[in-house]
Amino acid sequence: MLNFEFYNPAKIIFGKRTEESVGERSANFGKNILLHYGGGSIKKNGIYDKVIKSLKEQNLNIFELGDVKPNPRLSLVRKGIQMCKNNNIDFILAVGGGSVIDSAKAIAIGAKYDGDVWDFFVKGTIAKEAIPLGVVLTIPAAGSESSTSTVITNDEDNNYKRGMQSLEYIPKFAMLNPEFCYTLPKYQIACGCCDILAHLVERYFTEVENVELSDRLIEGAVKTIINNGTIAYNDNTNYDAWAEIMWTGTIAHNNLLNMGRIGDWASHQIAHELSGIYDLTHGAALSIVIPAWMKYVYKHNIDKFYQFATRVFHIIDEDKEKAVLKMIDKLEIWYKQLELPTRLADANIEPVRFEEMAERAFLHKEVIGNFKKLYKEDLVKIYNLCV
Ligand code: NZQ
Ligand code: ZN
């Protein structure tokens, strides 16, 4: 196990009716609130009314910025930054999923920075300050409610989708009411569960040895998401299943599970090019990329893959390679049960821009992946395995 520091200050407020205290909790940070949300689901399912009621009870000044799109766009981030500067915003409340939260995080650091907010994503500029933010989570998936990441798509420059890391914008609190998931469309349920599983897989495959505790915690979390993802997909008002998924989604990405180890993260970067170019939902890009990545890299450390196959999928075979390939098949079967794409054609993507995607992925990087280091020619081969 490597040396590490674990710090995650996000307060998680979990369960039914927790959102009723959102006004009181937000008021601790000041009077002027930027309420940030997506394309309107919260207005249809009543979450917006609940949040507004609670904020109004505290006599807060509410400034609204909706219309965050999945794969959130830089242009809206810029609009939010301007709103914060013009209105002396004290606190940003993100009501939604990863896209809304990521947009809020970028606004939070951009509003405290004199330069261009995109610098953080491509120049490695360190965020030194952020407007505090809080979250009412409406979809378990990205884990952004307590993660150190934000991922933004630059709609002003070739739709490059890029992430950055900072402790500054970790939400002060995140409210997780599993009942809010009841209105999720099946496709979003599937994509969300796939993303959670991907966050676990990215952390699991590491070259660092002697990490038994986190290995076993990840294995348990993977089993939990596979089991409860299937239940929620078929029974969308099953509170118990949603409770498991929501909590797993947060734990999967709050960095606890990668302490003392180094995660891989190649699959995310490979998938981001599919989302950037084709505006493909993050989870749907991952269900195509993860099996392809696994097929490409498993020989690099067959023992780690065999451990995953035996402990998570209970596959035992003297021939480790056979077991691993069986595990990948089983994973693909789970994706298919959730009606997720596992090949580019399933997402109506022509196999034509692999060189370009590989080049884009390396635009600000020299190497991708930690479990196995990948270069441009490797990415082209992995995209070919997605066909
Ligand atoms: O926009 P609205 O109308 O609200 O609809 C949303 C959106 O269309 C809908 N939705 C959300 N909650 C709902 C609901 N519909 C009905 N009922 C509800 N309760 O779901 C759609 C997807 O929302 P989105 O926020 O895009 O989903 P998700 O949480 O999967 O976020 C995806 C984004 O997060 C990034 C992804 O790349 C992607 O851009 N990620 C962020 C990470 C992070 N910050 O740590 C890590 C992840 O790996 C990921 O990259
Ligand atoms: Zn993800």
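In each ligand, atom 1 is the first atom listed, and ligand 1 is the first ligand listed.
For ligand 1, the atoms lying closer than 4.0 Å to a non-hydrogen atom of Val151 are 41 (C), 50 (O). The atoms of ligand 1 that sit less than 4.0 Å from any heavy atom of Gln188 are 20 (O), 21 (C), 22 (C). Of all atoms in ligand 1, listed by their number and element, those nearer than 4.0 Å to a heavy atom of Phe180 are 19 (N). Residue contact check: Ser147 has heavy atoms under 4.0 Å from atoms 43 (C), 44 (N), 45 (O) of ligand 1. Residue Pro72 has at least one heavy-atom neighbour below 4.0 Å for each of these atoms of ligand 1: 39 (O).
In summary, Glu273 and Lys161 do not engage in a salt bridge, as defined by a charged side-chain N under 4.0 Å from a carboxylate O.
For the pair Ile42 and ligand 1, no heavy-atom separation below 4.0 Å is found. At least one heavy atom of His272 sits less than 4.0 Å from an atom of ligand 1.
With the Zn ion (ligand 2) as vertex, His268 NE2 and His199 NE2 subtend 90°, rounded to 10°.
Shortest contact from atom 15 (N) of ligand 1 to any protein heavy atom: Ser41 CB, 3.5 Å. Taking atom 2 (P) of ligand 1 as the reference point, the nearest protein heavy-atom neighbour is Gly39 N, 3.3 Å. Summary of contacts: the protein heavy atom closest to atom 37 (O) of ligand 1 is Lys161 NZ, 2.7 Å. Protein heavy atom at the shortest distance from atom 44 (N) of ligand 1 is Asp102 OD1, 2.6 Å.
Residue contact annotation: Glu202 places no N/O/S atom under 2.8 Å from the Zn ion (ligand 2).
Under the side-chain hydrogen bond (donor to acceptor under 3.5 Å, both in side chains) rule, His253 has a single partner from Glu202, Arg203, Glu145, which is Arg203. When Val324, Val201, Ile315 are each tested for a side-chain contact (heavy atoms from CB on, under 4.5 Å) with Phe308, only one passes: Val201.
Under a cut-off of 6.0 angstrom, the local environment of CD in Glu24 is sparse, with at most 12 non-hydrogen atoms contributed by other residues, nucleotides or ligands. Shown here is Lys31, whose NZ atom has more than 12 heavy atoms of other residues, nucleotides or ligands within 6.0 Å.
Side-chain contact of Tyr298 with Glu321: a donor-acceptor pair under 3.5 Å is present, judged by distance alone.
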